[in-house]
Protein chains: 2
Amino acid sequence: MRFKIKSRIWIEVDEHVFLGGGRVRLLKAIEETGSLSKAARSLKISYKKAWILIDSVNKSANEPVIVSSVGGKNGGGMLLTPYGKKLISTFDDINHGCWNYLDTQLKKLENL
Amino acid sequence: MRFKIKSRIWIEVDEHVFLGGGRVRLLKAIEETGSLSKAARSLKISYKKAWILIDSVNKSANEPVIVSSVGGKNGGGMLLTPYGKKLISTFDDINHGCWNYLDTQLKKLENL
DNA sequence: TAGCGTTATTTCCCTATAAATATAACACTA
DNA sequence: TAGTGTTATATTTATAGGGAAATAACGCTA
C-alpha cells in the first residue's frame with residue numbers, strides 16, 4: 001500500500017483566513033514581478049481572484065504586508081514590506097516543519 | 001495580533017484522497033450508529049454525499065474498511081472492520097501530533 | 001494632451017459542485 | 001403478501017464561486 005500523507009496549513013485572525021498556501025504563492029510572485037497583474041498572469045489566476053486574496057490579507061493584517069502605487073512610470077505596482085517578507089519565510093519554515101513531522105509518521109500507516 | 005495556525009491532513013493512495021477529516025468523522029458516526037443513513041443524518045450531510053465518501057474509501061483501500069449488508073432485520077447496515085478502526089485511530093494520532101507541533105510554532109509568528 | 005500599464009471595482013455569465021428527489025433491490029417481520 | 005428501513009444509484013434542480021469583460025482613476029512619458 002503506497003500511502004502519502006498530505007497537509008495544508010493556514011493562519012487565521014479573528015476566524016478569517018489570513019495567510020495560506022495560495023496567498024503565500026501570490027505574495028512570492030508579487031515579490032518577483034513587482035506587480036499584482038503580472039503575478040496573477042504568472043500563476044494563471046484571474047486578476048480579480050488575485051486582488052481579492054491580497055485585499056483580504058491587507059484587511060486582516062494590522063501591519064502593512066504590501067504597498068501599492070497606482071499610475072506613474074510603469075503604471076504602478078506592488079511591493080512587499082519587510083514585514084511581508086518575514087511573514088512568508090516564517091510560513092514556509094513552519095510548513096516545511098509540518099511536512100517533516102508527517103514524514104516521520106508514515107511508518108505508522110505502513111505497518112498497520 | 002491573535003494568530004491561530006490551522007491545519008488539515010489527509011492520506012492519499014495513487015494521487016487520490018483515501019482518508020481525511022470528513023471521511024474519518026463519517027466512519028466514526030457509522031461506528032456509533034451502525035448504519036450509513038443514520039450516520040449521514042447525524043452529521044447533517046446528504047445520504048448521497050456520505051455514500052460517495054464511503055465508496056471512495058472502499059475503492060482506494062486494498063483491505064476492507066467497512067462491511068455492509070442490505071435488507072434484513074433492520075433493513076441492513078454498515079460496520080467497521082478491525083482494520084477500519086485501526087485506521088481512524090492512527091489518523092487521529094497523527095493529526096493530534098500535527099496540532100501539537102503547530103502549537104509549538106505559534107510563538108514564531110507572535111514575536112515576528 | 002493623448003497614450004500607456006498599472007491598481008481598483010462592478011457586473012454579468014457560466015460552470016462545477018452540492019442538494020433534493022426518485023427509484024430499484026434486498027431480506028427480514030407481521 | 002404488504003410493509004419497513006436499509007444499501008445503492010441515477011436524474012434533476014438549485015446555488016455558489018470563478019472567469020471574462022467593462023470601467024474608472026491615476027500619474028508618468030513622449
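Numbered from 1 within each chain, the chains take letters A, B, ... in sequence-line order. Just so it is clear, the structure is predicted and the values come from calculations on it, not from any experiment.
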| task | Provide the closest heavy-atom pair for Ser60(A) versus Val13(A) in the form atom of the first, atom of the second, distance. | result |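 So the two residues come closest at O-CG1, 4.2 Å.
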| Which of residues 38-49 of chain B have a heavy atom under 4.0 Å from DNA chain D? |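 Going residue by residue through residues 38-49 of chain B, the ones with a heavy atom under 4.0 Å of DNA chain D turn out to be Lys38(B), Arg41(B), Tyr47(B), Lys48(B).
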Please tell me if the side chains of [X] and [Y] come closer than 4.5 Å, counting only heavy atoms from C-beta onward.
| X | Y | value |
| --- | --- | --- |
| Phe91(A) | Leu109(B) | no |
| Leu27(A) | Ile54(A) | yes |
| Ile30(A) | Leu36(A) | yes |

| Pairs in or reaching into residues 14-32 of chain A: which pass salt bridge (charged side-chain N to carboxylate O under 4.0 Å, His left out), with residues at least two apart or in two chains? |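 Of all non-adjacent pairs touching residues 14-32 of chain A, those that pass salt bridge (charged side-chain N to carboxylate O under 4.0 Å, His left out) are Glu15(A)-Lys4(B), Lys28(A)-Asp92(A).
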| request: Working to the nearest 0.5 Å, report the span between OG1 of Thr90(A) and CG of Asn95(A). | output: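 It is 12.0 Å, given to the nearest 0.5 Å.
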| request: Find the distance between CZ (Arg2(A)) and CZ (Phe18(B)) and round it off to the nearest 0.5 Å. | output: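 The CZ atom of Arg2(A) sits 14.5 Å away from the CZ atom of Phe18(B).
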| query | Taking only residues two or more places apart in sequence or in another chain, which ones pass salt bridge (Lys or Arg N to Asp or Glu O under 4.0 Å) with Lys59(A)? | reply |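 So Lys59(A) forms a salt bridge (Lys or Arg N to Asp or Glu O under 4.0 Å) with Asp55(A).
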| Ile30(B) CD1 - dT7(D) C1' separation (whole Å) |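 The answer, rounded to whole Å, is 12 Å.
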| said: Return a single string for nucleotides 23-30 of chain D, one symbol per nucleotide in 5' to 3' order, where B is base contact, S is sugar-phosphate-only contact and - is none, cutoff 4.0 angstrom on heavy atoms. | reply: --BBBS--
| query | Taking OP1 and OP2 of dT7(D), is either one under 4.0 Å from a side-chain nitrogen or oxygen of Ser37(B)? | reply |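 Checking dT7(D) against Ser37(B), a side-chain N or O does come within under 4.0 Å of OP1 or OP2.
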| First encountered from the 5' end of DNA chain C, between Ser68(A) and Asn74(A) |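 It is Asn74(A), whose closest nucleotide lies nearer the 5' terminus.
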| field | Boundaries of the chain A footprint along DNA chain C (any atom under 4.0 Å from a heavy atom) | value |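 The contacted stretch runs from dG5(C) to dT11(C).
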| task | Please test Ile66(B) against Val57(B) for side chain to side chain contact (heavy atoms under 4.5 Å, CB included), starting from the C-alpha separation and ending with a verdict. | result | CA-CA 9 Å; Ile66(B) 58 102; Val57(B) 170; over 6 Å; no
| query | Pairs in or reaching into residues 38-49 of chain B: which pass side-chain hydrogen bond (donor to acceptor under 3.5 Å, both in side chains), with residues at least two apart or in two chains? | reply |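 Pairs touching residues 38-49 of chain B that pass the test: none.
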